[in-house]
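Read the structure below first, then the notes.
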Amino acid sequence: MGNKWMKKAGIAFSALALMTVTACGGQSQTAAGEEQGKINTSSAQAQELTVYLNDFDAVIGDMFEKKTGIKLNIVSGNGAEIMSRVEAEKSNPQWDVVWIDAMPSIYGLDANGQLLQDWTPDNAAGLKEAYKTVIPKDGAYYPTGAHAAGIIVYNKDKVSEEQAPKTWEDLKKDAFKGRVGMADPAVAAPAYPFVSWFFNQQGMEGGQAYFDSLMKQGLHVYPKNPQVVQAMTSGEIDVAALQESNAYSMLADGEPVKLVWPAEGAPASVRVAAIQKDSDQIEAAKEFVNFLLDPEVQQQLVDEGDESFFEPSAEGAKPKPERDPNAKLNIADAAWASEHEAEIKQWFADQSVQ
């Protein structure tokens with residue numbers, strides 16, 4: 001277990017601990033130095049809104065500019081990269097809005113006084129009740145939707161339907177020793193919401209016991225969900241706890257997999273948007289967050305977005321028809337998950353050196 005965990009996760013955990021600004025992947029528009037130079041010019045402030053987001057939904061820039069005339073300077077990366085960047089810029093933030101699959105981390109930014117508070121977007125009134133409940137009392141962030149941070153995926157050529165895991169507890173069975181994989185909770189934005197739900201439900205000791213049992217069974221941990229997909233297609237693993245967009249993409253690509261939504265539900269990753277409190281473009285930032293809560297915008301993201309398998313937060317927007325209509329999402333308490341985030345991630349990091 002230790003070697004597999006260290007090989008795939010140890011480097012990532014060490015990189016996160018450094019908390020240095022990493023180069024952004026995906027849709028990053030400029031090199032870090034050039035980008036900050038642009039942001040500090042008055043013309044950029046007048047014409048662009050800088051948005052930090054996970055490496056998803058590149059279409060949002062064109063959508064927003066077409067609607068409002070305001071350009072987005074999109075800086076994207078994985079969850080660890082974005083949050084490390086925000087932390088490194090704490091004394092001189094270069095972002096106006098953060099939009100990310102990491103509600104516990106954004107809760108932490110709010111607790112540290114980094115977010116604009118006490119405002120309510122007009123479109124917040126049209127959110128589904130389940131999503132209204134996750135809005136903090138100070139209105140510091142708003143949910144644009146949620147997806148399964150992990151569902152069970154298995155190779156049907158290697159695992160029979162009768163043998164296939166049906167619950168999260170089933171992953172601990174001896175039959176799956178050395179055959180299960182997941183993403184690193186310190187790197188992949190959805191992976192921490194995934195593990196935090198188990199800890200939130202079972203307590204710290206219970207959560208540790210659950211994942212320790214998987215590790216003793218030879219759990220494979222990869223930096224991000226796309227690497228989990230690669231491990232599935234290469235045959236390195238036969239079962240995975242996989243973020244749902246990646247899971248449905250495997251189906252669409254004709255891979256020999258089946259998807260299982262456990263009856264007890266799947267841990268949810270809630271995507272939230274928040275505004276940097278010292279932004280000099282507060283009104284444009286508010287307009288963007290309100291835009292993200294529009295049911296028509298969310299429907300367009302479902303229909304055209306890069307991460308289109310999710311449950312929209314706005315009434316009237318519908319998920320993809322091929323998404324399981326009985327999908328149940330379980331949301332960990334943001335305050336609890338934020339309070340224990342460093343502790344849980346450190347516990348996982350400690351496993352990499354055993």
Side-chain angles (χ1 to χ4, degrees), residues 101 103 128-131 133-134 143 145-177 179-183 185 188 190-215 217 219 225 228-229 232 237-252 255-271 308-313 318-334 336-337 344:
D101 290 333
M103 185 167 65
K128 300 169 184 174
E129 289 302 318
Y131 289 96
T133 64
V134 305
H147 63 266
I151 59 174
I152 296 173
V153 179
Y154 67 93
N155 185 327
K156 64 182 182 181
D157 290 343
K158 303 287 187 65
V159 180
S160 68
E161 187 169 356
E162 182 179 3
Q163 182 192 35
K166 309 293 192 302
T167 70
W168 295 115
E169 283 294 312
D170 286 348
L171 296 183
K172 296 160 56 177
K173 290 183 176 180
D174 289 343
F176 305 121
K177 186 174 182 178
R179 303 170 72 186
V180 179
M182 61 172 277
Y192 178 67
F194 174 75
V195 302
S196 67
W197 178 76
F198 291 91
F199 282 85
N200 189 201
Q201 291 294 303
Q202 303 178 26
M204 291 299 296
E205 290 186 2
Q208 290 175 4
Y210 176 76
F211 285 101
D212 185 59
S213 66
L214 293 181
M215 294 171 194
Q217 290 286 73
L219 176 68
N225 282 283
V228 181
V229 172
M232 286 284 291
I237 58 174
D238 300 322
V239 181
L242 185 62
Q243 187 262 0
E244 70 166 285
S245 285
N246 286 273
Y248 281 103
S249 292
M250 290 191 75
L251 276 181
E255 297 293 341
V257 296
K258 285 195 173 183
L259 280 51
V260 177
W261 285 80
E264 66 267 37
S269 180
V270 182
R271 186 172 297 174
S308 56
F309 282 90
F310 70 95
E311 181 180 84
S313 64
K318 298 179 180 180
K320 283 189 173 299
E322 57 265 46
R323 188 174 184 267
D324 190 328
N326 299 313
K328 178 183 177 183
L329 295 176
N330 298 321
I331 302 174
D333 179 73
W336 190 96
I344 291 172

Could you walk me through whether Asp324 and Leu259 pass the side chain to side chain contact (heavy atoms under 4.5 Å, CB included) test, one step at a time?
CA-CA 9 Å; Asp324 190 328; Leu259 280 51; over 6 Å; no
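- Taken from CD1 in Ile151 to OH in Tyr248, the straight-line distance is 5.5 Å, to the nearest 0.5 Å.
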Would Met250 and Leu242 satisfy side chain to side chain contact (heavy atoms under 4.5 Å, CB included), going step by step from the backbone distance to the final call?
CA-CA 10 Å; Met250 290 191 75; Leu242 185 62; 3.8 Å; yes
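- In terms of heavy atoms, Met103 sits closest to Ala332 at CE-O, 4.4 Å.
- Counting only heavy atoms from C-beta outward, the side chains of Glu322 and Phe309 approach each other to under 4.5 Å.
- Nearest heavy-atom pair, Ile152 versus Thr167, reported as atom, atom and distance to 0.1 Å: CD1-O, 3.5 Å.
- Using a 4.5 Å heavy-atom cutoff, the side chains of Pro319 and Pro312 are in contact.
- The two residues Val260 and Pro262 have their closest heavy-atom pair at O-CD, 3.2 Å.
- Pro185 and Ala191 make their closest contact through CA-CB, 3.5 Å (heavy atoms, listed as atom of the first residue, atom of the second, distance).
- Heavy-atom contacts from other residues, nucleotides or ligands closer than 6.0 Å to NZ of Lys177 number 12 or fewer.
- The ring of Phe198 has its center closer than 6.0 angstrom to the ring center of Trp168.
- Between the OG atom of Ser249 and the CD atom of Gln243 there is a distance of 8.5 Å, given to the nearest 0.5 Å.
- Under the 30°/60° scheme for interplanar angles, the aromatic rings of Phe211 and Phe199 are found to lie parallel.
- Put simply, the side chain of Pro165 reaches to within 4.5 Å of the side chain of Val239, judged on heavy atoms.
- Across all their heavy atoms, Asp170 and Lys166 have their closest contact at OD2-N, 2.8 Å.
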Criterion side chain to side chain contact (heavy atoms under 4.5 Å, CB included) on Ile331 and Val134, from CA distance to verdict:
CA-CA 9 Å; Ile331 302 174; Val134 305; 4.2 Å; yes
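- With sequence neighbours excluded, no residue forms a ring pair (Phe, Tyr, Trp, His ring centres under 6.0 Å) with Phe176.
- Residues Pro190 and His147 are in side-chain contact: their nearest non-hydrogen atoms beyond the backbone lie under 4.5 Å apart.
- Between Lys156 and Val257 there is no side-chain heavy-atom pair separated by less than 4.5 Å.
- Side-chain polar atoms of Glu311 and Tyr131 form a donor-acceptor pair below 3.5 angstrom.
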Leu329 and Val270: side chain to side chain contact (heavy atoms under 4.5 Å, CB included), yes or no, with the steps?
CA-CA 10 Å; Leu329 295 176; Val270 182; over 6 Å; no
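- Between Trp261 and Glu244, the shortest heavy-atom distance links the atoms CH2-OE2, 3.6 Å.
- Put simply, the side chain of Asp174 reaches to within 4.5 Å of the side chain of Gln217, judged on heavy atoms.
- Remark: the backbone N or O of Pro143 is paired with a side-chain donor or acceptor of Ser313 at under 3.5 angstrom.
- Remark: Lys320 NZ is packed, more than 12 non-hydrogen atoms of other residues, nucleotides or ligands lying under 6.0 Å away.
- Applying the side-chain hydrogen bond (donor to acceptor under 3.5 Å, both in side chains) test to residues at least two apart or on different chains, none of the pairs has a partner in residues 196-208.
- Asp157 CG to Glu255 CD: the interatomic distance, rounded to the nearest 0.5 Å, is 10.0 Å.
- Contact annotation: the side chain of Glu161 approaches that of Lys258 to within less than 4.5 Å [non-hydrogen atoms, C-beta and beyond].
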